[in-house]
Protein chains: 2
Amino acid sequence: MTIRDIAKVVGVTPTTVSNVINGNYNKVSQKTIDKVNKVIEESGYIPNKNARALANNSSKIIGVIFPKTKEGFMQNPFHAQILTGIEKVISAKEYYLMIKSIEKYEDIYQLMQNWSVDGFIILSLIGYQLPKLEKFKNVPVVFIDTYYEELKYINIGSDDYGGEYKAANHLLKMGHESIGFISYHIDYPSVISMRLNGFKDALENKGIPFDYSKDVLEIEEFDAHDEECVNRILDFAKNKTGICISADILAIEIVEVLKDNGYIIPDDMSIIGFDNVYLSRYANPKLTTINQDIIAKGNIAAENLINMIEKNYSKEPNIKIQTDLVIRDSVKKLV
Amino acid sequence: MTIRDIAKVVGVTPTTVSNVINGNYNKVSQKTIDKVNKVIEESGYIPNKNARALANNSSKIIGVIFPKTKEGFMQNPFHAQILTGIEKVISAKEYYLMIKSIEKYEDIYQLMQNWSVDGFIILSLIGYQLPKLEKFKNVPVVFIDTYYEELKYINIGSDDYGGEYKAANHLLKMGHESIGFISYHIDYPSVISMRLNGFKDALENKGIPFDYSKDVLEIEEFDAHDEECVNRILDFAKNKTGICISADILAIEIVEVLKDNGYIIPDDMSIIGFDNVYLSRYANPKLTTINQDIIAKGNIAAENLINMIEKNYSKEPNIKIQTDLVIRDSVKKLV
DNA sequence: CTGAAAGCGCTTACAG
DNA sequence: CTGAAAGCGCTTACAG
């Protein structure tokens, strides 16, 4: 079934059928429109998108790029929630969703040209990996959680700085004075480094000096079965009463490690996460954390991208979702 | 940059360039191959996939179809894990991944023809929704978790019957005699109905009569804030000491409801889930459940599909992943 | 309002 | 080993 077949049946030319399909109604008589539509209906004709994309140089495909992670790309609940948000608006607007997890950013170009992808959403790219910007000139791109000074593109981020500031401040208010910050590997600039800044400033604003070497623990690869990794955490915890952890998923793992080693949470150690991943509400104890509306973030990213694609218009270059403290059961008030 | 541009630079014809790109080396001299490759390299040429798909009627796209759920398609950790498994092999084999969540199965046809999708993986389709089978004749399809008598396609499932049998049996062995089964809406046949069968047979094999009206609770829509929903669960729990729940995500919610209403788990009520979603290991108490290797399921589905696409060969029509009891902390031994 | 024709960028028999 | 040509199924100026 092609456009030509339809044309033959109706007794008209492919041009006309194409015009009907594309809603160029000012170019076709109502009578013809009806006839064509009827045949399309009856025959169950479905246009070939590849041909259309080839002729149009536009595909209605939106590519979503995830960083490749060791656990597997959707094992990260943050990724899963973002994708949920993106998918919802993409499918509502009748775009198609192509997904790729990449190791090096050059892989994006391929996908870009390959399919005449109409636009991209790129997640958590570390600044220094950002490809030379000119390359993106022709394709609308929306970044999520990307910090980069020269970023001229739309970025949908969160108030990472303010969020972690609130987290540390909460610990401080609850009477904790020796507190630390644990994170996966910290890139600069990045979501994590911004959170660290918030942590640091909260301390200093209370007149508590910040000492990176004592107050921050970077964990390159968390592994609950790796003795050295566990010992580093235990060592780090020793002289502290509270810890801010840069992501809920890591926080939950660390809570388990501490519990396994005799800590009672929050009695012996107070913990605050970040992200308010849906898992955190079921953890034991329920995790006090910083909420960001991850699904909204996905929605906003997709909406902005589609606006760019369709109207060549874009709101602000930098949108920041607010972040709020969610108090649950993992922080204890010290007297 | 097109194949023609490359051809011009090399001083050769598009046919030859195409032959080099496609590895038809027996049709081109080594000298030409080298020259062409050099120019391709230098120019950063990337073939247009749409054109190729149009000419080939094959796209290297694999479509993955999820049922549309209220929470959002990736909010379901089972979906997320399956997708992780699928993505891993698809990207390793250099296919592209297109994702769609659908409400009605007819939407599949669209996607199918639209992009000359090379194959489909379809998740959790309920048997009676299965489209007329002839329609799939030309496109390889692998189903996941689909039960259907006349299913002539490959299905990657789990031993749902055996798994739930083990679950119920475990409760029985631990001294529980009045036990129940809770599930979302039950379709027939389906993953859930098979699990229910396993539950039922475990009971009957111990000489305990099974009474659907008393032993099974179907929850159409779980909502912890809906009083009626909560009351139904509390009512159901009243005269029981243990409950098998057909999915971990539901089990975890129900545990919360019970705890909120004064139950201590497992002292007052023993709970077994199903799926061993990664969340279940962090729940409070840690959830005893039935494990299935969800990522492996995704891997196997993708591998089989690609085999079908490339070699027109397929293993068995029906592959069942094994399911095993994972004992954690949500079941109590009765004396 | 309708149609003939060229073009999108590739592939693939076929001839030489 | 190389190339000319037709075709994949659509779109889009352009002419009438």
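So you know, we letter chains A, B, ... as the sequences are listed, proteins then strands, and number each from 1. No hydrogens, no waters, no symmetry mates; every other heavy atom, side chains included, goes into these values.
- Between the C1' atom of dG9(C) and the CD1 atom of I21(B) lies a distance of 10 Å, rounded to the nearest Å.
- A donor-acceptor pair under 3.5 Å is formed between the side chain of H79(B) and the backbone N or O of F73(B).
- Within 4.0 Å (heavy atoms only), S18(A) reaches at least one base atom of the nucleic acid.
- In the set dC1(C), dG9(C), dC10(D), dG9(C) carries the atom at the smallest distance from any side-chain atom of A55(B).
- Following rounding to the nearest Å, N22(A) (CG) and dT12(D) (P) show an atom-to-atom distance of 7 Å.
- If you take CG of N57(A) and C1' of dT11(D), they are 12 Å apart, rounded to a whole angstrom.
- Taking 4.0 angstrom as the limit, R4(A) places none of its side-chain polar atoms (N or O) nearer than this to OP1 or OP2 of dC10(D).
- When each of dG3(C), dC10(C), dC10(D) is scored by its nearest atom to the side-chain atoms of P47(A), the top-ranked nucleotide is dC10(D).
- A distance-only check finds no donor-acceptor pair linking the side chain of D118(B) to the backbone of I62(B) [under 3.5 Å].
- One finds no side-chain N or O of T32(A) lying less than 4.0 angstrom from the OP1 or OP2 phosphate oxygen of dC1(C).
- Straight-line distance from the CZ atom of R52(A) to the P atom of dC8(D): 18 Å, rounded to whole Å.
- Taking the ring centre of Y95(A) as origin, the terminal cationic atom of K60(A) falls inside the region bounded by 6.0 Å and 45° from the ring axis.
- For the residue pair Y45(B)/D5(B), the side-chain donor-acceptor check at 3.5 Å is not satisfied.
- Residue order along DNA chain C, read from the 5' end via each residue's closest nucleotide, puts N19(A) first among N24(B) and N19(A).
- Contact check on K297(A) versus D145(A) returns a salt bridge, with a Lys/Arg side-chain nitrogen under 4.0 Å from an Asp/Glu carboxylate oxygen.
- When each of dT2(C), dT11(C), dG3(C) is scored by its nearest atom to the side-chain atoms of V28(A), the top-ranked nucleotide is dT2(C).
- The separation between I3(B) atom CD1 and dG3(D) atom C1' is 14 Å, rounded to whole Å.
- dA13(D) is unpaired under the criterion used here, namely a Watson-Crick or G-U wobble arrangement in which both key atom distances are under 3.5 Å.
- Here dA4(D) sits opposite no nucleotide as a Watson-Crick or G-U wobble pair (both hydrogen-bonding atom distances under 3.5 Å).
- A sub-4.0 Å separation between OP1 or OP2 of dC8(C) and a side-chain N or O of N50(B) is absent.
- As judged by a 4.0 angstrom heavy-atom cut-off over every strand, Y25(B) is placed among residues making no nucleic acid contact.
- No side-chain donor-acceptor contact under 3.5 Å links T16(A) and T13(A).
- Remark: P of dC1(C) and NZ of K27(A) are 12 Å apart, rounded to the nearest angstrom.
- We find that CG of D34(B) is positioned 13 Å from P of dC1(D), with the value rounded to whole Å.
- In this structure, T13(B) reaches the dA4(D) phosphate: one of its side-chain N or O atoms is under 4.0 Å from OP1 or OP2.
- With dG3(C), dC10(D), dG9(C) as the candidates, the nucleotide lying closest to the side chain of T16(A) is dG3(C).
- If you check distances only, the side chain of T15(B) does reach the base of dT12(C) with a donor-acceptor pair under 3.5 Å.
- Looking at which nucleotide of DNA chain D each of N56(B) and G11(B) is closest to, the 5′-most match is held by G11(B).
- Residue I6(B) contributes atom CD1, which lies 13 Å from atom P of dT11(C) at whole-angstrom precision.
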